[in-house]
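Everything below concerns the one structure shown next.
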2 protein chains.
Amino acid sequence: MAKFAVIKEHIYRKIESGEWPEYHPVSSENELSEQFSVSRMTARRALQELAEEGLVTRTRGSGTFVAPLKSQSALLTIRNIADEIRMRNHKHHAVVRVLERVVAPNAVASALQLSPGAEVFHSVITHFENGHAVQIEDRYVNPNLVPQYLEQDFVEHTPHEYLCEVTPLTEASHLIEAVLPTEQQLSWLALENPEPCLQIQRRTWCRDGVVSQATLTHPGSRFRLGGHMTFKAPARVSNAEV
Amino acid sequence: MAKFAVIKEHIYRKIESGEWPEYHPVSSENELSEQFSVSRMTARRALQELAEEGLVTRTRGSGTFVAPLKSQSALLTIRNIADEIRMRNHKHHAVVRVLERVVAPNAVASALQLSPGAEVFHSVITHFENGHAVQIEDRYVNPNLVPQYLEQDFVEHTPHEYLCEVTPLTEASHLIEAVLPTEQQLSWLALENPEPCLQIQRRTWCRDGVVSQATLTHPGSRFRLGGHMTFKAPARVSNAEV
DNA sequence: AACTTGCTAATGTATATACAACATAGCAAA
DNA sequence: TTTGCTATGTTGTATATACATTAGCAAGTT
């Protein structure tokens with residue numbers, strides 16, 4: 001095993017065993033280089049990688065300390081619906097239900113960080129997989145950042161594909177819930193009877209501000225969201241509900 | 001700006017602009033150290049950090065190459081329900097509905113990687129927030145890995161808290177969907193009328209195998225799942241539906 | 001044609017050193 | 001008591017160097 005890995009193991013065990021609790025100081029680079037008879041750069045690498053993995057925190061001038069326990073996060077892949085369908089070797093097509101310029105509802109204006117009463121672009125598109133509706137994409141777009149949104153052909157390319165080209169995005173947030181569809185949504189999904197729907201609300205940012213807010217509604221019977229995660233540092237999980 | 005950061009910027013621009021497409025070779029450590037008049041170690045750091053961020057791939061003996069585009073993932077925080085409730089300064093309590101040793105249903109046996117007909121532990125617990133039911137935790141546990149599961153008091157500590165202590169976990173996978181609750185679930189949630197529920201299926205691993213499978217059912221009206229992500233490298237997002 | 005050998009270039013690990021930037025404690029002066 | 005300075009220790013950046021390990025290619029051998 002590489003020397004830096006030996007040092008990592010050593011510190012890792014101290015933390016996992018509980019011998020070093022939260023905020024406990026970790027031996028400095030110089031101390032470690034003496035203890036293990038390695039150069040400071042090698043000891044440094046061990047500490048740095050532990051810091052990247054979130055097990056310790058380092059502050060220049062002060063030292064290295066065992067990181068506080070964190071609640072664990074899970075990695076969920078949320079992909080472009082069109083790509084997902086094509087990946088299953090199924091046929092995708094889209095129907096544009098709404099494409100307009102409207103005065104933003106208050107909730108939308110605040111979500112897009114615009115003043116109340118501002119005008120925004122609004123699109124509603126139904127996505128089909130092998131002829132069955134699997135998603136309503138109800139989207140409001142910031143016209144200042146994407147002025148030519150309304151002129152696009154969203155049957156050819158999804159709004160996402162266009163937005164990705166125009167605005168390099170830097171952030172996104174999601175809210176997932178289970179809802180009963182409205183009458184309007186029911187008809188857009190071509191569903192006979194009401195059924196639970198998985199609804200994802202998504203807001204996206206680029207450097208200059210909020211780009212768009214989308215509400216994605218999926219029939220529960222035709223959609224699932226999958227995710228997988230691996231823990232680098234199992235001992236550090238405090239309160240993940242697992 | 002630090003020298004290694006200058007080099008990173010340089011390569012980053014080449015990739016973002018499209019000048020260097022997927023799999024395009026990146027200047028070697030030695031080339032970069034000449035071009036930028038820095039030591040090889042400094043050029044190396046730039047390439048290494050780019051590799052950690054997923055923009056390039058490196059293979060010893062061969063070289064450094066622009067990484068293929070990847071679909072983007074979102075980071076969802078899925079926390080311990082008890083902690084989440086307490087964080088809102090609300091009151092949490094749990095009611096144990098089922099705690100038994102049963103022959104595993106086929107689906108469960110295969111999920112836990114046990115032979116059909118094997119016996120497993122089974123618990124069902126309802127979690128309350130300020131007196132309102134917010135989650136049914138229906139869990140099957142591998143008895144080989146957690147032999148004393150049935151002897152625990154899950155009113156005091158959630159199954160998660162116990163499992164975390166006993167088995168340091170290394171992996172987890174999730175499946176999220178919207179469903180209508182069964183009659184049984186309806187009564188466990190003390191709901192008058194059926195309403196859409198957000199259902200999370202979770203499987204967890206430790207080093208030695210599958211630890212447990214849990215089905216978490218939340219009334220849609222009382223639960224939302226939130227997540228937030230930041231992109232380190234916006235240009236590399238290919239098909240995230242954003 | 002198939003296999004082997006050896007060379008070259010690239011990344012991976014490790015060392016020794018120097019200086020910069022920052023945090024903190026302790027001490028001195030106001 | 002408060003303010004400000006300094007000494008010391010710690011992490012951050014950078015350099016020059018050496019050797020190990022691996023991939024890919026080319027020449028030679030069977």
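Every value quoted in this text rests on a predicted model; they were computed, and no experiment measured them. Residue numbering restarts at 1 for every chain, and letters A, B, ... go by the order of the sequence lines. Every heavy atom of this structure was used, including side-chain atoms; hydrogens, water molecules and symmetry mates were not.
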Quick one: are [X] and [Y] in side-chain contact, heavy atoms under 4.5 Å?
X	Y	value
B:Leu55	B:Val66	no
B:Glu34	B:Glu29	no
B:Thr204	B:Leu163	no
A:Ile176	A:Gln199	no

Check whether [X] reaches the backbone of [Y] with its side chain - one donor and one acceptor, N or O, closer than 3.5 Å.
X	Y	answer
B:Ser17	B:Arg13	yes
B:Asn130	B:Lys91	yes
A:Arg139	A:Ser212	no

Under 3.5 Å between N/O atoms: give me all the protein pairs with nucleotides 19-22 of chain D, atom names plus distance.
{"from": "D:dT21", "atom 1": "O4'", "to": "B:Arg60", "atom 2": "NH1", "distance (Å)": "3.0"}

Subject >> ring pair (Phe, Tyr, Trp, His ring centres under 6.0 Å) partners for B:Phe223, two or more places apart >> reply: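 Per chain and number, B:Phe223 pairs via ring pair (Phe, Tyr, Trp, His ring centres under 6.0 Å) with B:His218.
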Original post:
Going 5' to 3' on DNA chain C, which nucleotide is the first and which the last to come under 4.0 Å of a heavy atom in chain B?
Top reply: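 Taking any atom under 4.0 Å from a heavy atom of chain B, the span is C:dA10 to C:dA14.
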Original post:
Contacts to DNA chain D from residues 2-11 of chain A, heavy-atom cutoff under 4.0 Å, which residues?
Top reply: none
**OP:** Applying side-chain hydrogen bond (donor to acceptor under 3.5 Å, both in side chains) between A:Glu129 and each of A:His93, A:Arg86, A:Arg88, A:His92, report the one that passes.
**Re:**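 With A:Glu129 as partner, side-chain hydrogen bond (donor to acceptor under 3.5 Å, both in side chains) holds for just one option, A:Arg88.
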Subject >> Residues in salt bridge (charged side-chain N to carboxylate O under 4.0 Å, His left out) contact with B:Arg222, at least two apart in sequence or another chain >> reply: none
Original post:
Do the rings of A:His10 and A:Phe36 sit parallel, tilted or perpendicular, given the 30° and 60° boundaries?
Top reply: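 Aromatic pair A:His10/A:Phe36 classed perpendicular.
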Original post:
Of the residues in residues 23-35 of chain B, which ones touch DNA chain C at a heavy-atom distance under 4.0 Å?
Top reply: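 Heavy-atom contacts with DNA chain C come from B:Ser28, B:Glu29.
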Specify the separation, in whole Å, of atom [atom1] of [X] and atom [atom2] of [N].
X	N	atom1	atom2	value
B:Phe36	D:dT13	CZ	C1'	17 Å
A:Met41	D:dT11	CE	P	13 Å
A:Arg58	D:dT10	CZ	P	12 Å
B:Glu49	D:dG12	CD	P	12 Å

Original post:
Pick the nucleotide of DNA chain C nearest each of A:Thr42 and A:Thr59; which residue has the one closer to the 5' end?
Top reply: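 Of the two residues, A:Thr42 wins.
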Subject >> Residue pair B:Glu137 / B:His127, side-chain donor-acceptor N/O under 3.5 Å >> reply: yes
**OP:** Quick one: pull up CD in B:Glu53 and OH in B:Tyr12 and give me the separation to the nearest 0.5 Å.
**Re:** 9.0 Å
